[in-house]
There are 2 protein chains.
Amino acid sequence: MKRSPSAARADVPLKLWIVLARAFDAVNRHSRASIARFGLGTTEFGVLEVLYHKGELPVCEVQRRILVESSSTTYVVDKLYERGLVRRRPSATDRRVTLLALTTTGRRLIERSFPPHAAAMRRAVGALPPREQAQAVRLLRALGTGAALQPLAEP
Amino acid sequence: MKRSPSAARADVPLKLWIVLARAFDAVNRHSRASIARFGLGTTEFGVLEVLYHKGELPVCEVQRRILVESSSTTYVVDKLYERGLVRRRPSATDRRVTLLALTTTGRRLIERSFPPHAAAMRRAVGALPPREQAQAVRLLRALGTGAALQPLAEP
DNA sequence: GTCAAATATCTCGATTTCGAAGCAATATGG
DNA sequence: CCATATTGCTTCGAAATCGAGATATTTGAC
C-alpha cells in the first residue's frame with residue numbers, strides 16, 4: 001500500500017507547468033543556438049520563416065504566429081526592413097494594414113537557413129521516440145488551446 | 001490507402017517544437033498575469049519560491065532552477081535584496097559561494113502569494129484531463145532531459 | 001447613417017535578459 | 001605540490017521585450 005503522499009508531491013498540474021517550462025527551455029536553447037549561426041535572433045527568424053512558408057501577410061498575422069507583443073513585432077520588422085530582408089506594402093482593401101513579404105535577399109537567407117535549422121530541431125527533440133512525439137503533439141495542442149481559452153488572472 | 005502527405009505535413013518533430021512553444025506561451029501568460037498581481041516579475045517570483053520551498057541555497061543552485069543566465073540571476077537577486085526580500089551570507093565551506101535566504105518580509109510575501117498563484121496555474125492547465133496531465137508530465141520530462149543532453153549546434 | 005467599440009500599427013520609456021569578460025576560490029591531474 | 005582547468009559570482013554594455021497609450025481605420029449595433 002502506498003503511503004499517503006504529501007499534497008505537494010501529488011500536485012500534477014503544478015508539476016506539469018514546471019516540466020513544460022523546463023522542456024521548452026531545453027529545446028529553445030537548441031533553437032537559439034541554431035538560429036544564431038545565421039546571424040539572426042529567434043524572433044527575426046520567426047518572421048522570415050512565416051513569410052517564407054505563407055507568403056505575403058499582414059503584420060498582425062505575422063505577430064499572431066511569432067508569440068511576441070505587437071510593439072516587439074514592430075521593432076523586429078523594422079530591423080529586418082533596414083537589413084533589406086523584408087518589404088512593406090499598404091493593403092489595398094484595409095488601409096490600417098501593412099503587408100509584409102520577403103525580398104529576394106530575405107528569401108535567399110531563409111532558404112539556406114531553414115533546412116539546417118529544421119535538422120537541428122529534429123535532433124533536439126529526437127531523444128523522444130516517434131510514437132511518443134506524436135502523443136506529445138496531441139497533448140500539447142490540447143494543453144495550449146485549453147490554456148488560451150481560460151481567462152487570465154485579474155489584478 | 002493514405003495518399004502520401006507532403007514531407008512538411010508529416011514532420012512530427014518540427015510540429016512538436018511548434019506546439020511546445022505555443023503551449024508554453026499560453027500557460028506562461030497565465031503565470032505572468034498571476035504573478036503580476038503581487039508586484040513581482042516571473043523571475044523574481046521564481047527566486048522567492050525556490051527559497052521558500054528549499055530553504056537557504058547558493059546563488060548557483062537558485063540559478064539552476066529559474067532558467068535564466070547567471071548575469072540575470074545577479075540582477076534579479078540584487079533587486080530582491082534592495083527590496084529587503086532576501087538576505088545574502090557568505091558560505092563557511094566555500095568562499096566563492098553566497099548563500100541566499102528569505103527575510104521575514106520575503107517569507108511573508110511568498111507565503112501569501114504562492115497559494116493563489118498555484119491555484120491560477122492549476123486553472124491554466126486544467127482544461128487537460130488529469131489522466132492526460134500525468135501523461136504529459138512523463139513525456140515532457142523525457143523530452144526536456146533528452147534535449148538537454150543533445151549537443152547544441154555550433155557556429 | 002452615426003457613433004461607440006474593436007482592430008492594426010506604431011511610438012516611447014522602462015524593464016528584463018543576454019553574452020562576453022573578469023576576478024576570486026576551489027578542484028584536478030601530473 | 002603546482003600549474004591548469006573549473007566553478008561561483010559579478011560587472012558592463014548591448015539587445016530584446018514589454019506595457020501603456022496615440023492614431024487611423026473599420027466594424028457593428030442601433
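Hydrogens, waters and symmetry mates are skipped; everything else that's a heavy atom, side chains included, is used. What you see is a predicted model, and the numbers here were worked out from it, not measured in a lab. Letters A, B, ... mirror the listed sequences (proteins, then strands); counts begin at 1.
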Candidates [options] - which lies nearest the side chain of [X]:
{"X": "B:Glu69", "options": "C:dT17, D:dG8, C:dG19", "result": "C:dG19"}
{"X": "A:Ser71", "options": "C:dC18, D:dC18, D:dA16", "result": "D:dC18"}
{"X": "B:Thr74", "options": "D:dT10, D:dC18, C:dT15", "result": "D:dT10"}
{"X": "A:Cys60", "options": "D:dT11, C:dT9, D:dT6", "result": "C:dT9"}
{"X": "A:Val68", "options": "C:dC18, D:dC18, C:dC10", "result": "D:dC18"}

May I have the distance from [X] (atom [atom1]) to [N] (atom [atom2]), rounded to whole angstrom?
{"X": "A:Leu67", "N": "D:dC18", "atom1": "CG", "atom2": "P", "result": "10 Å"}
{"X": "B:Leu100", "N": "D:dT10", "atom1": "CG", "atom2": "C1'", "result": "13 Å"}
{"X": "B:Arg95", "N": "C:dC23", "atom1": "CZ", "atom2": "C1'", "result": "14 Å"}
{"X": "A:Asn28", "N": "C:dC18", "atom1": "CG", "atom2": "C1'", "result": "13 Å"}
{"X": "A:Leu99", "N": "D:dT25", "atom1": "CG", "atom2": "C1'", "result": "15 Å"}
{"X": "A:Leu80", "N": "C:dC10", "atom1": "CG", "atom2": "P", "result": "13 Å"}
{"X": "A:Tyr81", "N": "C:dT9", "atom1": "OH", "atom2": "P", "result": "16 Å"}
{"X": "A:Phe45", "N": "D:dA15", "atom1": "CZ", "atom2": "C1'", "result": "19 Å"}

Just checking, A:Arg88 and A:Tyr81: is the charged tip under 6.0 Å from the six-membered ring centre and within 45° of the axis? yes

Please check the phosphate of [N] (OP1 and OP2 only) for any side-chain N or O of [X] closer than 4.0 Å.
{"X": "B:Arg88", "N": "D:dT10", "result": "yes"}
{"X": "B:Lys79", "N": "C:dT15", "result": "no"}
{"X": "A:Arg32", "N": "D:dA15", "result": "no"}

Find which nucleotide of DNA chain C each of A:Asp94 and A:Asp78 is nearest to by heavy atoms, and output the residue with the more 5' nucleotide. A:Asp94

A side-chain contact here means heavy atoms from C-beta on lying under 4.5 Å apart; do A:Leu20 and A:Ile18 qualify? no

Could you check if a side-chain atom of B:Ile35 sits within less than 4.5 angstrom of a side-chain atom of B:Arg32, using non-hydrogen atoms only? no

Hey, does A:Ser72 reach any base, or is it just sugar-phosphate, or nothing, if we go heavy atoms under 4.0 Å? base

Please work out if B:Thr43 contacts a base, only the sugar-phosphate, or nothing of the nucleic acid, heavy-atom cut-off 4.0 Å. sugar-phosphate

Report yes or no: is there a donor-acceptor pair, N or O only, under 3.5 Å between the side chain of B:Arg96 and the base of D:dT7? yes

Do A:Ser70 side-chain and C:dC10 base share a donor-acceptor contact under 3.5 Å? yes

Please check if the number of heavy atoms outside A:Phe38 that lie under 6.0 Å from its CZ is greater than 12. yes

Is B:Phe114 reachable from B:Val27 through a run of I, L, V, M, F, W or Y residues, each pair having side-chain heavy atoms under 4.5 Å apart? yes

Where do A:Leu40 and A:Arg83 land on the side chain to side chain contact (heavy atoms under 4.5 Å, CB included) test, with the steps shown first? CA-CA 11 Å; A:Leu40 291 168; A:Arg83 287 173 64 178; 3.9 Å; yes

